[in-house]
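This report refers to the structure that appears directly beneath it.
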Amino acid sequence: MTLPKDASKNRSDVQTGSTKDGEGVLEENRNAPEASDRFGEPLDPAQLIRIESVHRGFLYQHLYAAACLLSCGRAEGNTILIERDEDVELVRPADRYYIQVKTRQRPLQIADVEGALDRFEELRRAHVDESRKGRPLFVIVANVEPGRELRRRLGKADWPDDVSLITPQGTAHNPLPPAWSDIDAAIAWCIGAAQSIPFGTLAPETLVWKLAAKVQHAASRAREAVFEAAGMSALFEQLLIQLQDFPDPPEHYRPQMHEPALVSEAAVRLLVGFSGAGKTAWASQAALHSPDAVIYYDVGDMPAASVASGIARELAARFAGGRAQQLGGGTFAESGGIDILRVCAAQLKHDGLVVTVVCDNVHRMGADAIRTIVEACPNLRFLFIAQPWDGQALVEAHFGIRAERLAGWSYDDIAAEFNRQQAPASVETVKRISRITGGLPLYVRSAARLAVAQYGADAEAMCDAVDARTHAEATAQEIILEQSFGRLSKEAQEGAALLCLSDVALTNSEAIEVLGVILSSPAAAAQSLRHLKRASMIVGFQGDRIGLHDALRPVAGDKLATFSPDLHQAALRRLHVVLIKSLHMERSIPRLNAIFRLLPKIGETNALVDLATSEMFHEQGDQRTLWRELENAANDPVGTPYDRYWAHDALAYWESRDGGRPSQSRLVAMRDLIDQGELGVREQLGLCFKEMAAAGSDGQREAR
């Protein structure tokens with residue numbers, strides 16, 4: 001870097017970094033040793049020091065002007081002038097600041113400011129004779145503190161009231177930026193101010209250097225030296241880009257049962273479901289076919305304070321053609337956070353646009369933050385999508401809404417998914433899959449992959465393993481739900497374990513009665529239910545009935561397995577009593593079937609046998625359920641010989657009705673149980689009658 005030696009002699013203002021008074025230099029030697037080692041020592045070190053000081057002074061001045069553009073220059077009606085009567089001028093509707101920028105290495109002296117004070121007097125007269133408009137205010141900005149004599153002068157009564165001195169340790173003069181001690185501090189402050197620019201397309205540091213270059217360009221008179229607030233948005237490159245859009249729906253999207261509409265007249269809606277319930281996929285698919293104005297915003301890991309700005313960006317990018325000026329101009333640039341969202345909402349209302357904002361993952365926000373966003377723009381409609389979280393009840397209570405849920409896939413869709421993955425399933429197996437997974441799409445897909453990978457595409461074998469908790473590979477369902485379940489209180493976990501004993505919905509009072517087996521009081525049981533409801537682990541059914549979410553049953557079953565055998569039996573018997581009592585008040589086939597399934601578990605297999613041999617039951621009962629439970633009891637490896645024999649006997653009777661024949665394998669099983677020596681004459685007579693029926697059906701009169 002070389003300049004003619006006499007260039008430093010021609011203009012003292014170039015040496016000092018000041019274009020007005022030519023006093024003082026920054027004399028810090030920045031000659032880096034490594035540069036000297038590589039390229040040799042400069043021939044004239046003093047000249048290099050002068051050159052560095054000149055550029056450092058000018059850069060400080062240009063950065064201060066850039067700081068003005070980033071702060072007071074953005075306010076509506078303001079204008080920044082560069083290198084006219086002073087280094088920087090701020091023209092406001094009622095007043096005009098004249099700013100002289102000083103850079104020194106030593107304390108600021110009286111001689112450093114005398115020239116500026118003389119020019120201030122000339123400018124003051126121009127305002128008095130009204131050749132200049134507005135009230136004049138004069139400011140000296142310095143990178144050092146005043147020396148002793150200047151401090152004494154500042155304290156005297158003859159110091160002009162309209163002249164201020166801004167230094168790094170002094171008090172800042174609103175609305176101007178502060179002074180800094182060096183270039184690095186100046187850059188850091190400017191970058192911080194640039195970070196507050198809403199929707200800028202440039203990185204903050206890039207924007208700072210761009211503005212400094214613009215100021216230098218203006219100071220050279222190569223461009224207009226006037227920067228008006230109305231043009232700041234374009235200068236900051238506030239081109240709004242829509243950063244988010246609905247994620248692509250799955251390639252093989254299957255609608256869930258009774259899917260809600262994406263858009264409604266409701267101002268606020270809340271859709272809650274476990275991870276994997278297909279909430280985002282549903283919204284993405286529905287948006288493809290929605291004629292209404294809809295935007296998507298994923299809260300993700302954004303700080304709550306940034307969500308409002310993010311939503312505003314999406315609104316502006318989608319509905320304002322991408323330019324910040326189209327949504328309020330300078331006012332928009334001055335806004336921040338929730339204020340930006342208010343401006344956007346007001347503009348959309350003015351334009352007659354009704355927009356639905358779909359906010360995903362709002363469980364990562366607090367209920368108060370959600371409320372603030374909604375209240376800031378009452379003309380927008382919000383659909384909040386979330387996983388169960390503690391703030392859900394507060395949101396529902398504040399807006400007077402009930403959380404919506406997706407109902408999962410139907411049996412047909414579950415079967416179709418298993419077929420697609422080459423693991424065909426029977427109707428009964430599909431029902432089991434639905435019960436195991438809750439019909440939630442991710443869990444169904446995971447179960448199908450598990451059946452293919454671990455069980456040779458045998459869906460029934462996979463269900464058996466999952467029910468028995470013997471599968472070796474964890475499903476997505478378990479991984480996700482175990483985390484949610486682990487966050488529950490001990491009482492809520494125990495309550496969920498007891499509720500998983502019932503596969504029919506219970507009333508609140510019935511559920512409290514069942515939970516009373518382990519919880520100390522009805523109040524404690526009710527509190528456990530409330531915790532489960534807030535965590536979306538309880539599903540509401542028609543008639544004010546509740547039940548554990550099917551997807552939770554495997555995880556709750558693991559908790560149930562930790563109960564003692566006596567406690568487990570006591571809970572089953574309590575549930576049996578509750579269901580029996582309810583049959584006196586209503587005829588419910590599902591509850592009757594649930595009782596069928598309970599009887600063998602509490603040692604009442606004989607009651608099943610009595611039902612199976614009752615003519616009235618065969619005329620009115622649900623024979624398929626009873627048959628299945630009798631089969632389970634007959635083949636139960638831990639069942640008593642007595643229970644297993646009479647289950648076989650009832651099934652043999654069933655098979656022989658209306659001219660049928662008891663199966664030979666069943667007769668053999670009955671004989672084997674008798675041969676174990678624990679059964680008596682009654683069982684032997686029963687077997688004889690069944691063998692006679694079989695022989696008669698086969699036409700073997702000689703059989704003995």
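Everything numeric in this text was worked out from a predicted model, so none of it was measured. For this chain, numbers begin at 1 and follow the sequence in order.
- No more than 12 heavy-atom neighbours from other residues, nucleotides or ligands sit within 6.0 angstrom of NE2 on H350.
- Using a 4.0 Å cut-off between charged nitrogen and carboxylate oxygen, E510 and R545 do not count as a salt-bridge pair.
- Here the side chains of V272 and Q387 are not in contact, with every heavy-atom distance at 4.5 Å or above.
- Nearest heavy-atom pair, I311 versus I295, reported as atom, atom and distance to 0.1 Å: O-CD1, 4.1 Å.
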| message | Please determine whether side chain to side chain contact (heavy atoms under 4.5 Å, CB included) holds for the pair V354 and L348, giving the CA-CA distance in whole Å, both sets of side-chain angles, and the decisive distance to 0.1 Å. | response | CA-CA 7 Å; V354 179; L348 294 175; over 6 Å; no
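- Here D464 pairs with R432 in a salt bridge; the nearest charged N to carboxylate O distance falls below 4.0 Å.
- No donor-acceptor distance shorter than 3.5 angstrom exists from the side chain of S502 to the backbone of L499, with no hydrogens or angles considered.
- With hydrogens and angles disregarded, no donor-acceptor distance shorter than 3.5 Å links the side chain of D413 to the backbone of W409.
- You'll find the side chain of E460 stays beyond 4.5 Å of the side chain of Y455, heavy atoms only.
- Taking CZ from R445 and CD1 from I414, the interatomic distance works out to 11.5 Å, rounded to the nearest 0.5 Å.
- Looking at W282 and L406, their side chains come closer than 4.5 Å, going by heavy atoms from C-beta outward.
- Neither side chain, H531 nor Q493, offers a donor N or O lying under 3.5 Å from an acceptor on the other.
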| query | Could you walk me through whether V355 and V294 pass the side chain to side chain contact (heavy atoms under 4.5 Å, CB included) check? | reply | CA-CA 6 Å; V355 180; V294 183; over 6 Å; no
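- Between C359 and F382, the shortest heavy-atom distance links the atoms SG-CD2, 4.4 Å.
- Atom OH of Y297 is separated from atom CZ of F384 by 12.5 Å, given to the nearest 0.5 angstrom.
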| query | Taking it one step at a time, do R449 and E417 satisfy salt bridge (Lys or Arg N to Asp or Glu O under 4.0 Å)? | reply | CA-CA 10 Å; R449 287 193 292 269; E417 180 63 27; over 6 Å; no
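- Two residues are said to be in side-chain contact when any heavy atoms from C-beta on lie closer than 4.5 Å; I370 and I373 fail this criterion.
- Side-chain N or O atoms of R574 include one that pairs as donor or acceptor with a backbone N or O of E513 at under 3.5 Å.
- S284 places a side-chain N or O within 3.5 Å of a backbone atom of P247 that can act as its donor or acceptor partner.
- The shortest distance between side-chain heavy atoms of Y443 and I436 does not fall below 4.5 Å.
- A salt bridge links E494 with K490: the distance from a Lys NZ or Arg NE/NH1/NH2 to an Asp or Glu carboxylate oxygen falls below 4.0 Å.
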| message | Checking R435 against D467 for the salt bridge (Lys or Arg N to Asp or Glu O under 4.0 Å) test, could you report, in this order, the C-alpha distance in whole Å, the side-chain angles of both residues, the deciding distance, and whether it holds? | response | CA-CA 10 Å; R435 178 179 57 79; D467 280 339; 3.0 Å; yes
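- Few gaps surround CG on N508; more than 12 heavy atoms of other groups in view lie less than 6.0 Å from it.
- G495 approaches S528 most closely through the heavy-atom pair CA-OG, 3.8 Å.
- Of all heavy-atom pairs between L548 and A496, the closest is CD2-O, 3.6 Å.
- No donor-acceptor distance shorter than 3.5 angstrom exists from the side chain of R371 to the backbone of V395, with no hydrogens or angles considered.
- Within the structure, side chain to side chain donor-acceptor pair (under 3.5 Å) contacts touching residues 266-280 (residues at least two apart or in different chains) are R269-E404, T280-D360.
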| request: Test N361 against I385 for side chain to side chain contact (heavy atoms under 4.5 Å, CB included), laying out the working first. | output: CA-CA 6 Å; N361 291 312; I385 298 177; over 6 Å; no
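- Here the closest non-hydrogen pair linking G276 and L440 is O-CB, 3.8 Å.
- In terms of modelled atom types and a separation under 3.5 Å, the side chain of S434 and the main chain of V430 share no donor-acceptor contact.
- A salt bridge is absent between D292 and R381; no separation between the charged side-chain nitrogens and carboxylate oxygens falls under 4.0 Å.
- Between the CG atom of L519 and the CD atom of Q527 there is a distance of 9.5 Å, given to the nearest 0.5 Å.
- For the side chain to side chain contact (heavy atoms under 4.5 Å, CB included) criterion with T372, the lone passing option out of I338, V307, L341 is I338.
- Using a 4.5 Å heavy-atom cutoff, the side chains of I433 and Y411 are not in contact.
- Scored by the ring pair (Phe, Tyr, Trp, His ring centres under 6.0 Å) test, F563 finds no partners at all (sequence neighbours excluded).
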| request: Kindly determine whether V514 and V578 satisfy side chain to side chain contact (heavy atoms under 4.5 Å, CB included), including the steps that lead there. | output: CA-CA 8 Å; V514 172; V578 166; 4.2 Å; yes
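- Atom NZ of K349 is surrounded by 12 or fewer heavy atoms from other residues, nucleotides or ligands within 6.0 Å.
- From R553, atom CZ reaches atom CG of D558 across 14.0 Å, with rounding to the nearest 0.5 Å.
- Using a 4.0 Å cut-off between charged side-chain N and carboxylate O, R254 and E259 make no salt bridge.
- Rounded to the nearest 0.5 angstrom, T429 OG1 and M462 CE are separated by 8.5 Å.
- A 4.5 Å side-chain heavy-atom check between K533 and R530 finds every atom pair outside the cut-off.
- Between the CG atom of L380 and the SG atom of C344 there is a distance of 9.0 Å, given to the nearest 0.5 Å.
- Surrounding CZ of R402 are at most 12 heavy atoms belonging to other residues, nucleotides or ligands under 6.0 Å away.
- Contact annotation: the side chain of L515 approaches that of L529 to within less than 4.5 Å [non-hydrogen atoms, C-beta and beyond].
- Between the side chain of S290 and the backbone N or O of A287, no donor-acceptor pair lies under 3.5 Å.
- Considering all non-hydrogen atoms of both residues, A345 and C377 come closest at CB-CB, 3.1 Å.
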